[in-house]
Amino acid sequence: MGFPSTGYELNPILLNWAKLLAYRRGFSQDQATFLKQDFWVADLSKYNNVTVFLAPAIVESLKKKLADELPDNSRVIVCRFPLTGWTPTCSEGSGLEQVWAYDMANVRKGSNQSPS
């Protein structure tokens with residue numbers, strides 16, 4: 001789509017694999033940057049689009065991090081498992097190929113969060 005992206009990965013094998021795939025697909029380092037850094041300590045406040053491939057066990061922690069750090073104009077795309085308690089703006093696919101999109105402004109309205 002032409003916008004820059006940043007990937008966070010601690011596993012050096014996966015990090016190098018991502019760099020290789022980006023290179024093979026013709027992405028410059030300005031378009032696709034990959035950092036060997038823990039996503040959980042990264043500051044996400046400068047991002048407007050976040051894509052996460054997650055496991056169900058981290059959903060609650062992830063929701064807190066995203067809600068605390070992302071600006072209102074951000075969109076979050078999650079793969080495989082929805083963010084329970086948040087109403088997606090849209091969804092595509094099915095089964096293991098399903099993704100959900102969440103707009104943070106809608107999430108913050110309060111109507112899209114489940115009661116604590």
- Query: Just by distance, do the side chain of Arg108 and the backbone of Ala67 share a donor-acceptor pair under 3.5 Å?
  - Reply: yes

- Item | From CD (Glu69) to NZ (Lys64), nearest 0.5 Å | 9.0 Å

- Note on the structure: dist Cys90:SG -> Trp100:CH2 (nearest 0.5 Å) comes out at 12.0 Å

- More than 12 heavy atoms from other groups under 6.0 Å of CD on Gln29: no

- Message: Would Lys63 pass as a cation-pi partner of Tyr102, given that its NZ or CZ must be under 6.0 Å from the six-membered ring centre and within 45 degrees of the axis?
- Response: no

- Message: Restricting to non-hydrogen atoms, name the atom on Leu66 and the atom on Met104 that form the minimum distance, rounded to 0.1 Å.
- Response: O-CE, 3.7 Å

- Item | Close side-chain approach of Phe27 to Ser5, heavy-atom, < 4.5 Å | no

- Expected output: side-chain Ser91 to main-chain Val99 donor-acceptor under 3.5 Å: yes

- In Å, rounded to the nearest 0.5 Å, how long is the span from CD1 of Ile58 to CZ of Phe39? 7.5 Å

- Task: Calculate, to the nearest 0.5 Å, the distance between atoms CZ and CG belonging to Arg75 and Leu70 respectively.
- Result: 13.0 Å

Show me the donor-acceptor pairs, under 3.5 Å and distance only, between side chains in residues 7-17 and residues at least two apart or in other chains.
{"residue": "Tyr8", "atom": "OH", "partner": "Tyr47", "partner atom": "OH", "Å": "2.9"}
{"residue": "Glu9", "atom": "OE2", "partner": "Asn11", "partner atom": "N", "Å": "3.0"}
{"residue": "Asn11", "atom": "OD1", "partner": "Ile13", "partner atom": "N", "Å": "2.8"}
{"residue": "Asn11", "atom": "OD1", "partner": "Leu14", "partner atom": "N", "Å": "3.2"}
{"residue": "Asn16", "atom": "ND2", "partner": "Pro12", "partner atom": "O", "Å": "3.2"}

- Enter the distance from Gln31:CD to Arg25:CZ here, rounded to the nearest 0.5 Å. 13.0 Å

- Should the heavy atoms of other residues, nucleotides or ligands under 6.0 Å from CD of Glu92 be counted, would the total exceed 12? no

- Query: Would you call Leu62 and Leu83 a side-chain contact if the rule is heavy atoms closer than 4.5 Å?
  - Reply: yes

- Non-hydrogen side-chain atoms of Asn49 and Ile77 separated by less than 4.5 Å: no

- Query: Under 3.5 Å, side chain of Asp103 to main-chain N/O of Ala105, donor-acceptor pair present?
  - Reply: no

- Task: Dump the intermediate steps for side chain to side chain donor-acceptor pair (under 3.5 Å) on Asp30 and Ser28, then the final yes or no.
- Result: CA-CA 5 Å; Asp30 291 335; Ser28 71; 4.7 Å; no

- Message: Using 0.5 Å steps for rounding, measure from the NZ atom of Lys46 to the OG1 atom of Thr6.
- Response: 6.0 Å

- Message: How close do Arg80 and Leu96 get, counting heavy atoms only, and between which atoms?
- Response: NE-O, 3.3 Å

- Does one hydrophobic cluster hold both Leu44 and Val52, with members joined at side-chain heavy-atom distances below 4.5 Å? yes

- Which heavy-atom pair separates Ala22 from Phe34 by the least distance, and what is that distance? CB-CE1, 3.7 Å

